[in-house]
> 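There's a structure below that I have some questions on.
Small disclaimer: the values here were computed from a predicted structure and weren't measured.
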Amino acid sequence: MKTVYTHDPHQAGDYISEGKLVVFPTETVYGLGANALNSQAVEQVYHAKNRPPSNPLIVHLRELADASRVASEISPHAHLLMDAFFPGPLTIILPRHRSLPDIVSGGLDTVAIRMPASSIAIEFLWAAKFPVAAPSANLSGRPSATSWQSAAEDLNQRVHCILYGPAATIGLESTVVDCTENPPVLLRPGAISLESLACVVGTISTNVLNKNRSPGMRYHHYAPHAKIVLVSDTSNLDVLPRSAYIGISTPNHASKWMKCFVATSIEEYCHHLFEFFRECDRSKISQIHCEEIEPVGIGHALMDRLKRAAKSSK
């Protein structure tokens, strides 16, 4: 199919209303969206990404009131988290409304919902007129797209429209919390930390009994073509042919790496990670050394992505 590129959220929203696929920006990563209430449209999302049909999608909402269109019940804990973090990089798992097609939730009785903070995303969602089911805008297993150019690299001629906007400000997917459990369970770490969640609802469990409820947790993810090597000591790294480095500490022989990115903060490390992976692929790099950091705050999310990328790249 021919992909239309536009900067107009209203034009992109019309494609959703017509049952078509749209790539759109959010503050976390770019998303690949379809009308969540149209099962045939949602089926196209799985096909375009080569995504396993048992891997649920996140339903993106334009306002809090839309939650009742896709969820049958909103728990007190969910209300507290929505009040505190919507709009923002938080996804909440709730019981699925019977009117929501099974395919959106991978056949589960739960639904993942989120309200993005990106102004262009919210304008697009209002124009779409429907809740939008959307995973990240990349081929399954690849690093998530944090720019429209990276999304186009994977999905050009696989989607009807790409709404181009700024690069994602966070660069990692949303935090996912299961509010069908008491206490709520952190299923996927993200920019909203475990500590921040606990400040709102008191107790957050990390004992994940059913990771299938979270989008993107059952299958290999985030992996470039290069092998990922996690390193804790950057002072004695060997610079191998066609190798790269990313971290917050300057490695030895920094100028000799084929690619080297030293972030000034953990947030900048997160922001650049997936695009760095893609740049390495474009340069045919065979091995990427990634510095390990303390898994606290957003560092928890970063280490989650790094470990899963390393596992997937072996």
> Enumerate the salt bridge (charged side-chain N to carboxylate O under 4.0 Å, His left out) contacts for residues 229-251, please, sequence neighbours excluded, ordered by first and then second residue.
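For residues 229-251, and leaving out neighbouring residues, there are no salt bridge (charged side-chain N to carboxylate O under 4.0 Å, His left out) pairs at all.
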> Using the side-chain hydrogen bond (donor to acceptor under 3.5 Å, both in side chains) rule, take R142 and N138 through it: C-alpha gap first, then chi angles, then the decisive distance, then the call.
CA-CA 6 Å; R142 297 276 291 131; N138 56 284; over 6 Å; no
> Evaluate the side chain to side chain contact (heavy atoms under 4.5 Å, CB included) criterion for residues I298 and E267: first the C-alpha distance (whole Å), next the side-chain angles of each, then the deciding distance (0.1 Å), finally the verdict.
CA-CA 7 Å; I298 198 170; E267 288 77 13; 4.1 Å; yes
> Could you state the interatomic distance from CG (L230) to CD1 (I293), rounded to the nearest 0.5 Å?
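Going from the CG atom of L230 to the CD1 atom of I293 covers 11.0 Å.
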> Taking the side chain as every heavy atom from C-beta outward, state whether N252 and S235 have any pair of such atoms under 4.5 Å apart.
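Not in contact.
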> If you define the side chain from C-beta out and look only at heavy atoms, does anything of M115 sit under 4.5 Å from L64?
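A side-chain contact exists here, since the closest heavy-atom pair is under 4.5 Å.
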> For A78 versus I92, what's the shortest heavy-atom pair and its separation?
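Answer, listing the atom of A78 first, then I92: O-CD1, 3.9 Å.
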> Does V296 reach the side chain of E195, with side-chain heavy atoms less than 4.5 Å apart?
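Side chain of V296 against side chain of E195, heavy atoms only: contact under 4.5 Å found.
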> List the atom of I285, the atom of M258, and the distance in Å for their closest heavy-atom pair.
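Closest pair (atom of I285, atom of M258, distance): CG1-SD, 3.7 Å.
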> Quick check on the hydrophobic clustering: are V177 and L57 connected, directly or via other members, by side-chain heavy-atom contacts under 4.5 Å?
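Yes, same cluster.
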> Does one side chain, of Y5 or N156, offer a donor that lies under 3.5 Å from an acceptor on the other?
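Present: a donor and an acceptor within the cut-off.
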> Taking the side chain as everything from C-beta on, heavy atoms only, tell me whether V132 gets closer than 4.5 Å to F24.
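Heavy-atom side-chain distance check passes, below 4.5 Å.
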> Roughly how far, to the nearest 0.5 Å, is the CZ atom of R188 from the CG atom of D304?
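Going from the CG atom of D304 to the CZ atom of R188 covers 8.5 Å.
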> Could you check if a side-chain atom of I103 sits within less than 4.5 angstrom of a side-chain atom of P53, using non-hydrogen atoms only?
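No; the side chains remain at least 4.5 Å from each other.
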> How close do L61 and I122 get, counting heavy atoms only, and between which atoms?
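The answer is O-CD1, 4.2 Å.
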> Return yes if some donor-acceptor pair links the side-chain N/O of E27 with the main-chain N/O of S118 below 3.5 Å, else return no.
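Yes: the side chain of E27 pairs with the backbone of S118.
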> In the single-linkage hydrophobic clustering (I, L, V, M, F, W, Y; side-chain heavy atoms under 4.5 Å), do V200 and L186 co-cluster?
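Linked within one cluster.
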> Does one side chain, of S144 or R305, offer a donor that lies under 3.5 Å from an acceptor on the other?
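There is no such pair between these side chains.
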> How long is the span from the OG1 atom in T3 to the CG atom in L155, to the nearest 0.5 Å?
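Atom-to-atom, T3:OG1 and L155:CG are 8.5 Å apart.
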> Check whether S17 reaches the backbone of A128 with its side chain - one donor and one acceptor, N or O, closer than 3.5 Å.
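Yes; at least one donor-acceptor contact below 3.5 Å.
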> Please check if the side chain of R158 supplies one atom and the backbone of K49 the other of a donor-acceptor pair under 3.5 Å.
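Not at all, since once roles are kept as given, no pair shorter than 3.5 Å links the two residues.
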> Would you say that more than 12 heavy atoms from the other residues, nucleotides or ligands in this model lie under 6.0 Å from the CD of Q149, or not?
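Correct, the count exceeds 12.
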> Counting only N and O atoms by type, is there a donor-acceptor contact under 3.5 Å from the side chain of Y46 to the main-chain atoms of N55?
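Checked: pair present.
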> Can you find a pair of side-chain heavy atoms, one from L37 and one from L100, that are under 4.5 Å apart?
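Yes - at least one pair of side-chain heavy atoms lies under 4.5 Å apart.
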> If you look at every heavy atom in A168 and T28, which pair is closest and at what distance?
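Looks like CB-O, 3.1 Å.
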> Would you please test S196 and F85 for side chain to side chain contact (heavy atoms under 4.5 Å, CB included) and show each step?
CA-CA 10 Å; S196 296; F85 299 115; 4.2 Å; yes
> Got a second to check how far L125's CG is from H60's NE2, nearest 0.5 Å?
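Answer rounded to 0.5 Å: 7.5 Å.
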> Taking atom CD as the centre, does E18 end up with more than 12 heavy-atom neighbours from other residues, nucleotides or ligands that are less than 6.0 angstrom away?
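Count over threshold, so yes.
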> Would the distance check show the side chain of H271 and the main-chain N or O of T169 forming a donor-acceptor pair, the cut-off being under 3.5 Å?
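Yes; judged by distance alone, with no hydrogens or angles, the pair exists.
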> Could you grab the distance from atom OG1 of T146 to atom CG of L273, nearest 0.5 Å is fine?
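Reported to 0.5 Å precision, the distance equals 9.0 Å.
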> Assess the residue pair F274 and L172 against the criterion (side chain to side chain contact (heavy atoms under 4.5 Å, CB included)); give the C-alpha distance rounded to whole Å, side-chain angles, the decisive distance to 0.1 Å, and a yes or no.
CA-CA 8 Å; F274 289 146; L172 298 181; 3.9 Å; yes
> In terms of side-chain heavy atoms, does H77 have a donor or acceptor partner in S75 at a distance below 3.5 Å?
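Absent: no donor and acceptor within the cut-off.
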> Would you say S193 and H300 make side-chain contact, with heavy atoms under 4.5 Å?
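S193 does not reach H300 side chain to side chain.
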> Under 4.5 Å between side-chain heavy atoms, hopping through other hydrophobics if needed: is there a path connecting V262 to I246?
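Result: no, two separate clusters.
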> Is R69 salt-bridged to E63, going by a charged N under 4.0 Å from an acidic O?
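Salt bridge: no.
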> Shortest non-hydrogen contact from A309 to F277?
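Shortest heavy-atom contact: CB-CE1, 4.1 Å.
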> Test your reading of the model: is there a side-chain donor-acceptor pair from S39 to the backbone of P101, 3.5 Å cut-off?
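Checking the backbone N and O of P101 against the side chain of S39, no donor-acceptor pair under 3.5 Å is found.
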> Kindly indicate, with the supporting measurements, whether the criterion side chain to side chain contact (heavy atoms under 4.5 Å, CB included) is fulfilled by L197 and L90.
CA-CA 10 Å; L197 296 167; L90 176 67; 4.1 Å; yes
> Are the side chain of Y30 and the backbone N or O of G165 linked by a donor-acceptor pair below 3.5 Å?
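It does hold such a pair.
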> Can you tell me if D154 uses its side chain to pair, donor with acceptor, with the backbone of L139 under 3.5 Å?
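Between the backbone of L139 and the side chain of D154 there is a qualifying donor-acceptor contact (under 3.5 Å).
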> Answer with yes or no whether the hydrophobic clustering places I58 together with L94; edges join I, L, V, M, F, W, Y residues whose side-chain heavy atoms lie under 4.5 Å apart.
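Not linked; separate clusters.
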> How long is the span from the CG atom in D281 to the OG atom in S286, to the nearest 0.5 Å?
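Rounded to the nearest 0.5 Å, the CG-OG separation comes out at 11.0 Å.
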> Quick one: sort the Y15 and H160 rings into parallel, tilted or perpendicular, breaks at 30° and 60°.
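Taking H160 first and then Y15, their aromatic rings lie parallel (interplane angle under 30°).
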> Please answer whether the main-chain N or O of P143 pairs with a side-chain N or O of R278 as donor and acceptor at a distance below 3.5 Å.
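Yes, the answer is positive, given that a donor and an acceptor are paired below the 3.5 Å cut-off.
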> With sequence neighbours left out, write down each residue that passes side chain to side chain donor-acceptor pair (under 3.5 Å) with S249, or none if nothing qualifies.
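Listed in chain order: E291.
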> Between I248 and S265, which heavy-atom pair has the shortest distance, and what is it?
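Taking every non-hydrogen atom into account, CG2-O, 3.7 Å.
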> Is any side-chain heavy atom of I113 closer than 4.5 Å to a side-chain heavy atom of F86?
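Yes, their side chains come closer than 4.5 Å.
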> Applying salt bridge (charged side-chain N to carboxylate O under 4.0 Å, His left out), run through R96 and D102 and close with a yes or a no.
CA-CA 9 Å; R96 179 170 63 88; D102 288 355; 2.8 Å; yes
> Taking E153 for its side chain and A145 for its backbone only, find out whether a donor-acceptor pair lies under 3.5 Å.
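No: the side chain of E153 does not pair with the backbone of A145.
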> Are I228 and F276 grouped together when hydrophobic residues (ILVMFWY) are joined by side-chain heavy atoms under 4.5 angstrom apart?
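Result: yes, single cluster for both.
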